S.K.: 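Dropping a structure here in structure tokens format, bear with me for questions.
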There are 2 protein chains.
Amino acid sequence: MKPTIYDVAREAGVSIATVSKVINRTGKISEQTRARVTDIMEAMGYAPNLVATALSSKKTYMLGLLLPDISNPYFAELARNIEDRAHELGYNIVICNTDNRVEKERDYLTFLQQKGVDGVLLATGLAHPESLDLLTDRKLPVTVIAREVPRSPVNTVLVDDYMGGLLATSHLLRLGHRDIAIIVESMDLESSRQRLKGYRAALAAHDVAFEGRRVAVSDFSVASGMDVAGAILDAADRPTAVFACNDLLAIGTIQAARARGIPVPGELSVVGFDNTFLCGIIDPALTTVGQPIRELGRQAVDLLHKQMGGEEPARQRVVLLPELVVRASTQAPGGAAEA
Amino acid sequence: MKPTIYDVAREAGVSIATVSKVINRTGKISEQTRARVTDIMEAMGYAPNLVATALSSKKTYMLGLLLPDISNPYFAELARNIEDRAHELGYNIVICNTDNRVEKERDYLTFLQQKGVDGVLLATGLAHPESLDLLTDRKLPVTVIAREVPRSPVNTVLVDDYMGGLLATSHLLRLGHRDIAIIVESMDLESSRQRLKGYRAALAAHDVAFEGRRVAVSDFSVASGMDVAGAILDAADRPTAVFACNDLLAIGTIQAARARGIPVPGELSVVGFDNTFLCGIIDPALTTVGQPIRELGRQAVDLLHKQMGGEEPARQRVVLLPELVVRASTQAPGGAAEA
DNA sequence: TTGAAAGCGCTAACAT
DNA sequence: ATGTTAGCGCTTTCAA
């Protein structure tokens, strides 16, 4: 059987309270006994049972991470950075794939609570803010990542999607494009709406009329991006550029173009969003709006950590700025160089 | 404060044992009291504290998953399938990125044990089987995924790497290639050695001499694949085909070829390994050896589940078969059609 | 500086 | 069918 704190205490001829104190470096303990107890723990191969610790201290050092799908590269990269930071701080991450389904979200959330996670990182759907109340009501620390939660006082770290949309579209406009389509992931997401807003603002700034028919909605897969882009490209008067609201959709768009023999960027410029590692892998390399994924992950963990530390109940929103990453998938219409 | 089992018991006018029994559906309880207790739990918004449950029952319903890096698409897909199956069985997954570093492996492993996970899924390095003993000694259920562990009686589920190497190479040979290079991920991995063995066996079967200089070693990144492939392609007498031991390396190879103006598959055929979703994304679409990732994940969880259920201490090895997925990156040397 | 003892919230014999 | 009670392994007052 694995040794418990009792075994160590007995062996060392002290009480369990004393052992507990040397383990946690709390209270006053003479160097003598500290040393002896430490040696004995070592010798016995003792390691504290963290479940018991959790029960009495109310801290599990576990964090829940809810995301739509870990096999999506964007979320995988995010998860990696989150886990790294959490690990530095001594926390473990429990992943939960929600597929953006409310039931799964709710499910995981209650489960995580029962398991006593110290906090939750939310990088998933949240169509219904109610599931959030479920947590805040029970005062479980939460921070939301890359999702805007209307009128809910939760810590949030996100990227300026409006600016992202602006950046992408302005880039295209500056290159000389005047007929630019946009493919959004889902109008249910505030981030999509913001990116669209940025798109419209850029058009307006360049005196280009906005046309509703140039807005297409899809979901977040390459396949659906390909379908939607296909429809756009098959139109008699197809646009000269497409702004896809995430890299996967952009890749779908490139594939749709390739399938139709439309050269990219020769006859069609494409810009994505996220700057996942996929951008460098496809051909042509994808111009995209870069999200500071690493920062996003770290800041989210840090924010949550603060909140868990009992600090400032004052919630905050950290807005990170996106940046345009120009690669090979965009050029002036007709092939001219950039203005 | 959240209600405890005591609160429910008091409210229902029964003992906590009774409440416990209705929660766990154990023992004999009259329909009457069961109903009443259930209603009261509902009304009070009671949910069992799973940390306490874990402490007394010795089951946390948590599984540790060690992998090199979740942001690697192969492992992300694996993790997804694992989590799905685990979730079906009522388990949560704690992810641990090891970067294939022994210290991190050891670290996580001891940590997970202390946290009382019910079992561990190992999809990581393991250069040193000792870390494994660390677990088996304390009889923590473990199953190893896609890694061969020499002379250790652990449950394992893997794909037949030898056959994979054979499949890939034979495909190339049947197309007519005679000068085929191979890029392996790392000679420390048994899987790499097996794939190489399959490669050699295929050559032998076609009476093609094996040449040591056609074997290149890299790590598992696209960048390194590009470097290594670059060296191969820069040789005066470059091969007509490359078998890269994972998709990322294959992609690196394609990029290296592109950078040198060598058309793929025109002047160079490339086949990868894993069949991650990347294969369909790049251009040309990548011919690869498909691993049944979904099955790999599910079976690993099921195997672990069995072992945790106390079943058969008899360990087993489940060997899944790979399958060749032909896409556009391979063709006969010189452009002729397949024989 | 050290220890006794009361929890933390639940499970599981063992009684009744 | 239901209740009593002793743990599970640790933390944390409060005394000594």
Side-chain angles (χ1 to χ4, degrees), chain A residues 1-38 40-41 44-62 110-118 138, chain B residues 1-38 40-41 44-62 90 110-118 138 310:
Chain A
M1 224 26 217
K2 276 192 291 196
T4 72
I5 198 172
Y6 284 93
D7 301 317
V8 176
R10 186 176 338 104
E11 204 75 8
V14 299
S15 74
I16 61 168
T18 302
V19 178
S20 174
K21 280 164 194 156
V22 348
I23 293 174
N24 303 300
R25 310 182 184 304
T26 62
K28 261 94 199 50
I29 297 291
S30 73
E31 245 334 299
Q32 294 227 353
T33 58
R34 165 186 307 305
R36 185 154 38 86
V37 171
T38 309
I40 291 189
M41 292 196 301
M44 301 182 74
Y46 168 79
N49 175 329
L50 266 18
V51 175
T53 304
L55 181 56
S56 49
S57 73
K58 309 273 165 230
K59 297 210 59 186
T60 56
Y61 285 95
M62 296 263 200
T110 51
F111 224 135
L112 288 173
Q113 269 188 91
Q114 291 189 235
K115 294 223 174 169
V117 296
D118 297 335
R138 307 217 174 194
Chain B
M1 227 25 216
K2 275 192 292 197
T4 74
I5 198 173
Y6 283 94
D7 300 318
V8 175
R10 185 176 340 103
E11 203 75 9
V14 299
S15 74
I16 61 167
T18 302
V19 178
S20 174
K21 280 166 193 155
V22 349
I23 293 173
N24 303 300
R25 311 183 182 302
T26 62
K28 260 95 198 49
I29 296 292
S30 75
E31 246 334 300
Q32 295 225 355
T33 60
R34 165 185 307 305
R36 186 153 39 86
V37 171
T38 309
I40 291 188
M41 293 196 300
M44 301 182 75
Y46 169 78
N49 175 329
L50 266 16
V51 175
T53 305
L55 181 56
S56 50
S57 72
K58 307 292 171 209
K59 298 207 57 162
T60 57
Y61 286 96
M62 297 263 198
T110 51
F111 224 129
L112 288 173
Q113 269 188 89
Q114 291 189 236
K115 292 223 174 170
V117 297
D118 297 335
R138 308 217 173 192

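Each chain gets a letter, A, B and so on, in the order the sequences are listed, and its residues count up from 1. Keep in mind that this is a model prediction, so the values were computed, not measured.
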S.K.: Rounded to the nearest Å, what distance is computed from the NZ atom of residue B:K115 to the C1' atom of nucleotide D:dG9?
M.R.: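 Result: 16 Å.
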S.K.: Has A:Q114 got a side-chain atom pairing as donor or acceptor with B:P48's backbone, closer than 3.5 angstrom?
M.R.: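 Yes, A:Q114 side chain to B:P48 backbone: donor-acceptor pair under 3.5 Å.
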S.K.: Run the side-chain hydrogen bond (donor to acceptor under 3.5 Å, both in side chains) test against B:R10 and tell me which residues pass, sequence neighbours left out.
M.R.: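 side-chain hydrogen bond (donor to acceptor under 3.5 Å, both in side chains) list for B:R10, sorted by chain: B:D7.
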S.K.: Please write out the pairs of protein N or O atoms and N or O atoms of nucleotides 3-7 of chain D separated by less than 3.5 Å, giving the distance to one decimal.
M.R.:
unit_1	atom_1	unit_2	atom_2	d
D:dG3	OP2	B:S15	N	2.8
D:dG3	OP2	B:S15	OG	3.4
D:dG3	OP2	B:T18	OG1	2.6
D:dG3	O6	B:K21	NZ	2.8

S.K.: Take atom CD1 of A:I5 and atom C1' of D:dG9, then tell me their distance rounded to the nearest Å.
M.R.: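 For the pair A:I5 CD1 and D:dG9 C1', the rounded distance is 7 Å.
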S.K.: What pair of heavy atoms forms the shortest contact from B:K115 to A:V51, and how long is it?
M.R.: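 So the minimum-distance heavy-atom pair works out to O-CG2, 3.4 Å.
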S.K.: List the residues meeting side chain to side chain contact (heavy atoms under 4.5 Å, CB included) with B:T110, not counting sequence neighbours, and say none if there are none.
M.R.: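 Side chain to side chain contact (heavy atoms under 4.5 Å, CB included) list for B:T110, sorted by chain: B:L134.
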S.K.: What is the distance, to the nearest angstrom, from the CE atom on A:M44 to the C1' atom on D:dG9?
M.R.: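 Nearest whole value for this atom pair: 14 Å.
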S.K.: Rounded to whole Å, how long is the line connecting atom OH of A:Y46 with atom P of D:dG9?
M.R.: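 For the pair A:Y46 OH and D:dG9 P, the rounded distance is 10 Å.
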S.K.: At 4.0 Å (heavy atoms only), tell me whether A:T4 reaches a base, stays on the sugar-phosphate, or touches nothing.
M.R.: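 Sugar-phosphate only.
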S.K.: Using side-chain hydrogen bond (donor to acceptor under 3.5 Å, both in side chains) as the criterion, list what pairs up with A:K21, not counting sequence neighbours.
M.R.: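 With sequence neighbours excluded, A:K21 shows a side-chain hydrogen bond (donor to acceptor under 3.5 Å, both in side chains) to no residue whatsoever.
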S.K.: Closest approach of B:M41 and B:V22, non-hydrogen atoms and distance?
M.R.: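 Closest heavy-atom pair between B:M41 and B:V22: CE-CG2, 4.0 Å.
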S.K.: Do you know which two heavy atoms are closest between A:P3 and A:G45, and how far apart they sit?
M.R.: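 Residues A:P3 and A:G45, closest heavy atoms: CG-O, 4.0 Å.
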S.K.: Considering only heavy atoms of chain B and a distance under 4.0 Å, specify the first and last nucleotide of DNA chain C in 5' to 3' order that meet this criterion.
M.R.: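 Both ends considered, the range comes out as C:dG9 to C:dA12.
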S.K.: Mapping A:I29 and B:A52 onto DNA chain C by nearest heavy atom, which one lands closer to the 5' end?
M.R.: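 Result: A:I29.
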S.K.: Considering residues at least two apart in sequence or located in another chain, which fulfil the ring-ring contact (aromatic ring centres under 6.0 Å, His included) criterion with A:Y61?
M.R.: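 By the ring-ring contact (aromatic ring centres under 6.0 Å, His included) rule, A:Y61 matches A:Y91.
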S.K.: Round to the nearest Å and state the distance from A:K28 atom NZ to D:dC14 atom P.
M.R.: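 Roughly 18 Å, once rounded to whole Å.
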S.K.: Between P on D:dC10 and OH on A:Y61, what's the gap in Å once rounded to a whole number?
M.R.: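 Rounding to the nearest Å, OH of A:Y61 and P of D:dC10 are 16 Å apart.
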S.K.: Between A:S57 and D:dT11, is there a side-chain N or O to OP1/OP2 distance below 4.0 Å?
M.R.: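 Answer no for this pair, as no side-chain N or O of A:S57 is under 4.0 Å from OP1 or OP2.
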S.K.: Mind checking side-chain hydrogen bond (donor to acceptor under 3.5 Å, both in side chains) for B:S56 and listing every partner two or more places apart, or none if nothing turns up?
M.R.: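 By the side-chain hydrogen bond (donor to acceptor under 3.5 Å, both in side chains) rule, B:S56 matches no residue at all.
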S.K.: What is the nucleic acid contact for A:T33, judged by heavy atoms within less than 4.0 Å: base, sugar-phosphate only, or nothing?
M.R.: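 The answer is sugar-phosphate, as A:T33 gets under 4.0 Å only of primed atoms, P, OP1 or OP2.
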S.K.: Going by side chain to side chain contact (heavy atoms under 4.5 Å, CB included), name the residues that satisfy it together with A:I16, two or more places apart in sequence or in a different chain.
M.R.: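 Per chain and number, A:I16 pairs via side chain to side chain contact (heavy atoms under 4.5 Å, CB included) with A:I5, A:Y6, A:A9.
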S.K.: Roughly, in whole Å, what's the span from CD in B:Q114 to P in D:dG9?
M.R.: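 In whole Å, D:dG9 P and B:Q114 CD are 14 Å from each other.
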S.K.: Check side-chain hydrogen bond (donor to acceptor under 3.5 Å, both in side chains) between B:T60 and all other residues, then give those that pass, not counting sequence neighbours.
M.R.: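 B:T60: side-chain hydrogen bond (donor to acceptor under 3.5 Å, both in side chains) contacts with B:D118.
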S.K.: For the helix from C:dT1-D:dA16 to C:dT16-D:dA1, how many degrees between its two end axes (five pairs per end), to the nearest 10°?
M.R.: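 Between the axes fitted at each end of the helix from C:dT1-D:dA16 to C:dT16-D:dA1 lies an angle of 40°.
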S.K.: Using whole Å, what does the distance between atom P of nucleotide D:dG9 and atom CG of A:D7 come to?
M.R.: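 In whole Å, D:dG9 P and A:D7 CG are 9 Å from each other.
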S.K.: Name all residues meeting the side chain to side chain contact (heavy atoms under 4.5 Å, CB included) criterion together with A:A52; count only those two or more places apart in sequence or in a different chain, and write none if there are none.
M.R.: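 With sequence neighbours excluded, A:A52 shows a side chain to side chain contact (heavy atoms under 4.5 Å, CB included) to A:N49, B:L55, given in chain and number order.
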